[in-house]
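Single-structure report; data block below.
As the structure lists them, so they are numbered: ligands from 1, and atoms in each ligand from 1.
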Amino acid sequence: MGASVLVVSTDPQGSTMWWADRIGEALPFDFADAHDDPDSLANLRTMGAKIHVVANQKGGVGKTTITMNLAATVQDTIKSNGQTRHIFIDTPGSIEDERLLAAALDVADDVFVPLPPDPLAFDPTTRTIEKVIKPRGIPFKVVINNWDPRDSKVDMLDTLAFIEAQGWEAAETAIRRYRIHTRAPAEGKLVTQYPDNGTTLRAKQDFLRLALEQGYGG
Ligand SMILES: Nc1ncnc2c1ncn2[C@@H]1O[C@H](COP(=O)(O)OP(=O)(O)OP(=O)(O)O)[C@@H](O)[C@H]1O
Ligand SMILES: [Mg+2]
C-alpha cells in the first residue's frame with residue numbers, strides 16, 4: 001500500500017536525497033527527486049493531495065529539516081488508505097535556482113517559510129516572500145526554526161516583532177534547536193525514529209504540534 005505522504009526534492013544540492021538514502025528501507029513516506037526535471041512537478045496536481053512547499057532562498061534555515069521531519073510526523077499521524085494525502089516539496093536555498101523554486105510554487109497549495117531567530121536571515125527571507133511568494137498569491141506561513149530556548153529571549157522577540165511588522169503570519173509552533181536534529185541525517189533517522197528520552201520527546205512534540213496546528217492529523 002502506498003504511503004499517505006510524498007516528499008519531493010527540487011534541490012540540486014541533493015541533501016534531501018542523501019538523507020533519504022541513509023534512512024533506506026525505514027523511510028516511512030514516498031520520495032522523489034525532481035531537480036533535473038522541474039516540469040514533472042505539474043503531474044503532482046493530478047494526485048489529489050495537498051501540496052506544501054517549504055521555501056526560503058536564504059540557505060541553511062531548515063528547509064530540509066522541516067520538510068523531512070514534518071513529512072514523517074504527518075505520515076505517522078494519519079491512517080493510510082493507500083492514497084497520497086500530503087506532498088511536501090523541499091526547494092533550493094539559493095537565488096540562482098529560482099526556476100526550480102518557481103516550478104514548485106506553481107503547484108503549491110501553501111508555503112512554509114522557515115526562519116531562524118537570526119536578524120541576518122531577515123532580508124533574504126523578505127526577498128523570497130515579497131518577490132517570489134506573494135506575487136503568486138499563495139498562502140504562506142513563517143515557521144521559526146532553530147530556536148534555542150536556553151538563549152536570551154531577545155532574538156525570539158525581535159523575530160516575532162519583525163514578522164508582525166511585515167504583516168506576515170507565523171505558525172504558532174516554533175521548532176526548537178536540538179543537536180539530535182543536526183545529527184539525524186548522518187544517522188539516517190527522522191524525528192519519528194529518535195529513541196525516546198526527555199530531549200527527543202520535546203523534539204518530536206514540536207513537529208507534532210506543527211502538524212496538528214496545520215490540521216494534518218487524523
Ligand atoms: N531545529 C534544528 N535543530 C538543530 N539543527 C537544525 C535545526 N534546523 C536545522 N538544523 C541544522 O542546520 C543546518 C541547516 O539545515 P537544513 O539543511 O535543513 O537547511 P536548508 O534550509 O535546507 O539548507 P539549504 O538552503 O542549504 O538547502 C543543518 O545542519 C541542520 O541539521
Ligand atoms: Mg536544504
Side-chain angles (χ1 to χ4, degrees), residues 7-23 31-36 38 52-73 88-105 111-118 120-129 132-133 140-151 155-156 159 170-194 197-211 213:
V7 168
V8 180
S9 171
T10 61
D11 185 1
Q13 279 190 120
S15 357
T16 317
M17 179 124 103
W18 184 82
W19 187 352
D21 272 350
R22 297 193 69 91
I23 299 166
F31 183 84
D33 182 21
H35 85 270
D36 53 4
H52 318 287
V53 169
V54 183
N56 192 336
Q57 290 166 301
K58 168 80 177 156
V61 294
K63 294 177 290 293
T64 299
T65 304
I66 289 181
T67 301
M68 293 289 275
N69 287 327
L70 188 58
T73 303
F88 293 91
I89 307 183
D90 190 20
T91 63
S94 78
I95 291 181
E96 290 74 53
D97 293 311
E98 194 159 304
R99 199 176 78 86
L100 291 165
L101 173 56
L105 291 174
V111 186
F112 288 111
V113 183
L115 175 65
D118 168 7
L120 273 183
F122 292 178
D123 276 357
T125 301
T126 304
R127 184 195 181 276
T128 299
I129 291 179
V132 187
I133 300 174
F140 68 92
K141 262 187 198 173
V142 176
V143 182
I144 297 179
N145 175 48
N146 224 350
W147 176 53
D148 190 336
R150 293 167 306 184
D151 284 353
D155 290 336
M156 182 55 133
T159 305
E172 276 177 37
T173 309
I175 305 293
R176 289 170 284 190
R177 166 192 233 140
Y178 290 111
R179 256 179 58 79
I180 190 159
H181 286 322
T182 321
R183 281 201 313 267
E187 289 182 1
K189 288 226 163 6
L190 293 157
V191 68
T192 47
Q193 299 165 333
Y194 297 169
N197 62 47
T199 306
T200 58
L201 285 176
R202 286 192 286 279
K204 288 174 195 220
Q205 210 172 41
D206 286 351
F207 282 98
L208 193 58
R209 281 210 189 110
L210 183 61
E213 178 193 329

Between Asp206 and Tyr178, is a side-chain contact (heavy atoms from CB on, under 4.5 Å) present by the stated rule, with each step listed?
-> CA-CA 11 Å; Asp206 286 351; Tyr178 290 111; 4.0 Å; yes
Looking at [X] and [Y], what are the two nearest heavy atoms and their distance?
X	Y	answer
Ala184	Tyr194	CB-OH, 3.6 Å
Thr91	Val54	OG1-O, 2.7 Å
Asp97	Ser94	OD2-OG, 3.1 Å

[atom1]-[atom2] distance between [X] and [Y], expressed to the nearest 0.5 angstrom:
X	Y	atom1	atom2	result
Thr125	Leu120	OG1	CG	10.5 Å
His35	Gln13	NE2	CD	11.0 Å
Thr65	Arg177	OG1	CZ	11.0 Å
Ile89	Leu100	CD1	CG	11.0 Å

Heavy-atom protein contact below 4.0 Å for atom 28 (C) of ligand 1 = no
Please check if a non-hydrogen protein atom sits closer than 4.0 Å to atom 13 (C) of ligand 1.
-> no
Given that the side chain starts at C-beta and the backbone is N, CA, C, O, which of these parts of [X] lies under 4.0 Å from ligand 1, counting heavy atoms, or is it both or neither?
X	value
Asn145	side chain
Arg176	backbone
Asp11	side chain

How far is [atom] from its nearest protein heavy atom, and which residue and atom name does that atom have?
atom	value
atom 2 (C) of ligand 1	Asn146 OD1, 3.4 Å
atom 3 (N) of ligand 1	Tyr178 N, 3.1 Å
atom 9 (C) of ligand 1	Thr65 OG1, 3.4 Å
atom 31 (O) of ligand 1	Thr182 CA, 3.2 Å
atom 25 (O) of ligand 1	Lys63 NZ, 2.8 Å

Could you tell me whether some N/O pair between [X] and ligand 1 is separated by less than 3.5 angstrom?
X	value
Gln13	yes
Gly62	yes
Thr64	yes
Arg179	no
Asp90	no

Among side-chain atoms of Asp90 and Thr64, is any donor-acceptor pair under 3.5 angstrom?
-> yes
Does some side-chain heavy atom of Met68 sit less than 4.5 Å from a side-chain heavy atom of Phe88?
-> no
Side chain to side chain, Ile133 and Thr128, heavy atoms closer than 4.5 Å = yes
In terms of the angle between their ring planes, are Phe207 and His181 parallel, tilted or perpendicular, with boundaries placed at 30° and 60°?
-> perpendicular
Report yes or no: does Thr64 have an N/O/S atom closer than 2.8 Å to the Mg ion (ligand 2)?
-> yes
Is ligand 1 less than 4.0 angstrom away from at least one heavy atom of Gly60?
-> yes
Does Arg183 have a heavy atom less than 4.0 Å from any atom of ligand 1?
-> no
What atoms of ligand 1 come within less than 4.0 Å of a heavy atom belonging to [X]?
X	value
Val61	19 (O), 20 (P), 21 (O)
Gly59	25 (O)
Gly93	25 (O)

I would like to know whether Arg176 and Gln205 meet side-chain contact (heavy atoms from CB on, under 4.5 Å); could you show each step before the answer?
-> CA-CA 10 Å; Arg176 289 170 284 190; Gln205 210 172 41; 3.8 Å; yes
